[in-house]
Structure formats: structure tokens, C-alpha cells
Amino acid sequence: MTYSSRHPQFFYTTAPLPCPYLPNRMERKVVTDLSGPDAEALHDRLSRAGFRRSHTIAYAPVCHGCNACVPIRIVVPQFQPDRTQRRIMRANAAIDGFDVPPHGTPEQFALFRRYQLARHSDGDMASMSFNDYRAMIEDTPINSFLIEFRSEEDQLIAVSLVDALIDGFSAVYSFFDPDLANRSLGGFAIMWLIEKARARGLPYVYLGYWIAESRKMSYKSRFHPAEILTRGLWRELPPTSATP
């Protein structure tokens with residue numbers, strides 16, 4: 001628990017649950033409530049300390065005997081796409097991204113359901129209802145927004161939920177048309193957000209947790225330069241750490 005001159009901030013530890021990323025491991029989190037008049041400032045501080053947001057809470061892993069989840073952020077001013085990333089940008093050059101308010105729509109949910117059933121059918125999110133989806137998008141006490149990515153035919157093909165921070169953007173969750181997996185829309189969405197941050201003079205895009213041992217989460221090391229949070233300090237991630 002921490003205290004301010006206004007009110008105390010309470011932190012709680014969750015009960016152990018099976019890790020969704022690494023087999024035969026248990027996950028625990030420290031969580032705190034973000035609601036209240038100081039939600040924006042608190043979220044900014046906690047994001048720099050390696051926390052993530054879900055609905056109205058901020059959380060960070062505190063797993064016994066495991067430190068596989070490493071906070072990672074992209075250094076926007078120095079980012080230059082590599083050859084593969086430039087190819088992805090060219091392949092998706094006709095796609096437009098639009099900032100929209102954080103309101104869930106049936107069109108988004110239909111895409112979300114297709115994505116979950118194709119990519120994560122064994123996960124908890126695959127059984128989410130439309131109301132569950134709306135809560136994921138709309139239950140936010142801070143400045144959040146959606147990016148809808150649309151084809152030339154105005155077809156919704158990808159969506160990103162983003163939190164605005166004082167020093168950048170935090171990519172909360174993204175999903176895309178599973179039939180277009182060969183277009184690498186997840187990577188394209190990240191690079192689109194990097195360019196949005198660059199245009200606004202913001203130094204970082206926060207990608208959550210890099211997990212080198214997890215195929216689902218290891219891709220984040222492909223964006224350089226990047227920094228990871230270790231022992232309370234943000235340090236450069238060596239390029240040799242990138243997943244091939």
C-alpha cells in the first residue's frame with residue numbers, strides 16, 4: 001500500500017492461476033484500482049513502472065520463481081523498420097486507420113469473435129459475449145481510444161485498443177481478420193501506432209510484456225530500438241535478443 005497527501009492507494013495480490021503463456025507455470029498479479037480523479041496521473045506512473053491496464057484496474061505479474069514477463073516499450077524517435085517491416089508496410093499501404101471513441105460495436109465484435117475462434121479458441125476470451133466485449137472496450141477511467149483499420153472497400157479488418165499516456169501510447173489489445181494472417185496486420189498496427197506517436201512528438205509506444213519463451217509474445221522484440229524494464233530501470237534491449 002502507498003500513500004499520497006490525498007488518499008492511500010491499495011495494492012492487492014491475486015490468487016495463483018495457470019499461466020496463459022507458459023506451460024506448467026502459475027501466474028499471480030499485483031492489482032490496484034484506477035478509478036478516481038487521479039486515474040490519469042496514476043496510470044502514467046504505473047505504466048512507467050511496468051503495469052498494464054485491464055478495465056479499471058492496473059496490474060503487474062508477481063509470479064513466484066518466474067520473471068519471464070518483461071515490460072517492453074519502443075523508442076519512437078529512433079525506430080526504423082527493418083526489411084521485413086518495410087515489406088509489411090508496403091503490402092498494407094492501402095489500409096486506412098481511423099481513431100474512434102472506445103465504444104464497442106457489433107461490427108467490431110463479429111471480427112473479434114472470428115479472431116478468437118481462429119487464433120485462441122482454447123482461451124477465456126473465445127467465450128466472451130457482446131456485453132463482455134463492450135466492457136473490455138468501454139470500462140476505462142482514462143483517455144483510451146480505438147483504431148479501426150479498414151480496407152479500400154471500407155471493410156473492417158483490424159482493431160487496436162490504445163491508452164494515451166503523457167509520454168506515448170500503450171497498445172492494450174489488437175485483433176484482426178484471421179483470413180488475412182499473411183498480411184501481418186498485428187505488426188502493421190504497431191508500426192501505424194509508432195508513426196502516430198512520432199507525429200505527435202511522443203517518445204514511446206508501450207507493448208506490454210515481452211516473453212521470450214512464448215511464441216505469442218516473443219514477436220515484440222522485433223521492433224528496435226526497444227527498452228525493457230529490469231530491476232526498476234528501463235534499459236536498451238540488445239538487437240540480438242530479437243526473435244528470428
Self-check item: Any donor-acceptor N or O pair under 3.5 Å, side chains S129, D132
Solution: yes
Exercise. Go through the steps for F51 and V30 under the test side-chain contact (heavy atoms from CB on, under 4.5 Å), then give the verdict.
Key: CA-CA 9 Å; F51 280 69; V30 59; 3.9 Å; yes
Quiz item: Quick one: OH on Y209 to CD1 on I228, what's the gap to the nearest 0.5 Å?
Solution: 13.5 Å
Quiz item: Does N67 CG have over 12 foreign heavy atoms under 6.0 Å away?
Solution: no
Quiz item: Which heavy-atom pair separates F223 from A226 by the least distance, and what is that distance?
Solution: O-CB, 3.3 Å
Practice problem: Give a yes or no on whether the ring-centroid distance for Y206 and F169 is below 6.0 angstrom. | Solution: no
Quiz item: Under 4.5 Å between any side-chain heavy atoms of V205 and V76, yes or no?
Solution: yes
Quiz item: With clusters built from Ile, Leu, Val, Met, Phe, Trp and Tyr whose side-chain heavy atoms come within less than 4.5 Å, directly or transitively, what are the remaining members of the cluster of L22, listed by chain and number?
Solution: Y21, I211, M217
Quiz item: How is the hydrophobic cluster of L117 composed, in terms of its other members, when Ile, Leu, Val, Met, Phe, Trp and Tyr link through side-chain heavy atoms under 4.5 Å apart, directly or indirectly?
Solution: none
Exercise. Could you tell me whether E213 and R25 make a salt bridge, using a distance below 4.0 angstrom between a side-chain N and a carboxylate O?
Key: yes
Exercise. Could you tell me whether a side-chain N or O of S151 sits under 3.5 Å from a main-chain N or O of Q155, the two making a donor and an acceptor?
Key: yes
Exercise. Evaluate the side-chain proximity of P16 to R28: yes if any heavy-atom separation is below 4.5 Å, no if none is.
Key: yes
Quiz prompt | Close side-chain approach of P18 to M26, heavy-atom, < 4.5 Å | solution = yes
Quiz item: Using a distance-only test with no angle check, is there a side-chain donor-acceptor pair under 3.5 angstrom linking Q9 and T32?
Solution: yes
Quiz prompt | Which atom of R113 lies closest to which atom of M128, heavy atoms considered | solution = CD-O, 4.1 Å
Self-check item: Validation row: F130, P106 side chains within 4.5 angstrom (heavy atoms)
Solution: yes
Quiz item: Among side-chain atoms of T56 and D139, is any donor-acceptor pair under 3.5 angstrom?
Solution: no
Self-check item: Backbone of D82 reached by a side-chain donor or acceptor of R222 within 3.5 Å
Solution: no
Between side-chain atoms of residues 179-191 and protein atoms elsewhere (two or more places apart, or another chain), which donor-acceptor pairs fall under 3.5 Å?
| from | atom 1 | to | atom 2 | distance (Å) |
| --- | --- | --- | --- | --- |
| D179 | OD2 | R114 | NH2 | 2.7 |
| R183 | NE | N92 | OD1 | 2.9 |
| R183 | NH2 | N92 | OD1 | 3.1 |

Run the side-chain donor-acceptor check on residues 229-237: report pairs under 3.5 Å with partners two or more places apart or on a different chain.
| from | atom 1 | to | atom 2 | distance (Å) |
| --- | --- | --- | --- | --- |
| T230 | OG1 | R235 | NE | 2.8 |
| W234 | NE1 | R48 | O | 2.9 |
| R235 | NE | T230 | O | 3.4 |

Exercise. Evaluate side-chain contact (heavy atoms from CB on, under 4.5 Å) for M136 paired with M125, printing each intermediate quantity in order.
Key: CA-CA 10 Å; M136 182 182 79; M125 298 179 80; 3.5 Å; yes
Quiz prompt | Pairing residues for N131 by the side-chain hydrogen bond (donor to acceptor under 3.5 Å, both in side chains) criterion, not counting sequence neighbours | solution = none
Exercise. Answer yes or no: is there a side-chain heavy-atom contact under 4.5 Å between V75 and E227?
Key: yes
Quiz item: Could you state the interatomic distance from CG (L146) to OG (S174), rounded to the nearest 0.5 Å?
Solution: 10.0 Å
Self-check item: CA sep, side-chain torsions, deciding dist, call: L156, D177, side-chain contact (heavy atoms from CB on, under 4.5 Å)
Solution: CA-CA 8 Å; L156 182 67; D177 187 338; over 6 Å; no
Quiz item: Which atom names give the shortest non-hydrogen contact between P141 and S35, and what distance separates them?
Solution: CB-CA, 4.3 Å
Self-check item: Joint cluster assignment, Y133 & V162, ILVMFWY side-chain distance < 4.5 Å
Solution: yes
Exercise. State whether the side chain of K220 and the backbone N or O of L207 hold a donor-acceptor pair below 3.5 Å, judged by distance alone.
Key: yes
Exercise. Check for a donor-acceptor pair, side chain of S127 on one end and backbone N or O of D124 on the other, with a separation under 3.5 Å.
Key: yes
Exercise. Look at the rings of W192 and F149 and say which category their plane angle falls in: under 30° parallel, 30 to 60° tilted, over 60° perpendicular.
Key: perpendicular
Quiz item: Quick one: OG1 on T14 to OH on Y59, what's the gap to the nearest 0.5 Å?
Solution: 11.5 Å
Quiz item: Are P20 and E27 close enough that some pair of their side-chain heavy atoms sits under 4.5 Å apart?
Solution: yes
Quiz item: If you look at every heavy atom in L193 and A171, which pair is closest and at what distance?
Solution: CD2-CB, 4.1 Å
Quiz item: Is it true that I142 and I57 fall in one hydrophobic cluster, defined by side-chain heavy atoms closer than 4.5 Å?
Solution: no
Quiz item: So, E138 side chain and A135 main chain: donor-acceptor pair closer than 3.5 Å or not?
Solution: no
Exercise. Scan side-chain atoms only and decide if E107 and T105 contain a donor-acceptor pair under the 3.5 Å cut-off.
Key: no
Quiz prompt | Distance in Å, N143 CG paired with T140 OG1, rounded so as to fall on 0.5 Å steps | solution = 8.0 Å
Quiz item: Should E40 and H43 count as side-chain neighbours, where that means a heavy-atom distance under 4.5 Å?
Solution: no
Self-check item: Common cluster, I194/I166, ILVMFWY with side-chain heavy-atom separation under 4.5 Å
Solution: no
Self-check item: Separation of Q116 CD from L111 CG (nearest 0.5 Å)
Solution: 10.0 Å
Exercise. May I ask you to decide whether R53 forms a salt bridge with D163, counting only side-chain N to carboxylate O separations under 4.0 Å?
Key: yes
Practice problem: May I ask you to check whether Q108 and E148 show a side-chain donor-acceptor distance below 3.5 Å? | Solution: yes
Quiz prompt | Minimum heavy-atom distance between Y12 and F10, given as atom pair plus value | solution = OH-CB, 3.4 Å
Quiz item: Less than 4.5 Å apart, any side-chain heavy atom of L165 and any of L202?
Solution: no
Practice problem: Flag the pair Y115 / H120 as yes when their ring centroid distance falls below 6.0 Å, and as no otherwise. | Solution: yes
Practice problem: Check the angle between the aromatic planes of Y173 and F175 and answer parallel, tilted or perpendicular using the 30° and 60° thresholds. | Solution: tilted
Quiz item: Does the side-chain hydrogen bond (donor to acceptor under 3.5 Å, both in side chains) test come out yes or no for S47 and R52, once each step is laid out?
Solution: CA-CA 6 Å; S47 295; R52 298 287 285 166; over 6 Å; no
Exercise. Would you name the heavy atoms of G97 and I147 that are closest together and state the gap between them?
Key: CA-CG2, 4.2 Å
Quiz item: Can you name the residues that form a side-chain hydrogen bond (donor to acceptor under 3.5 Å, both in side chains) with Y204, not counting sequence neighbours?
Solution: R73
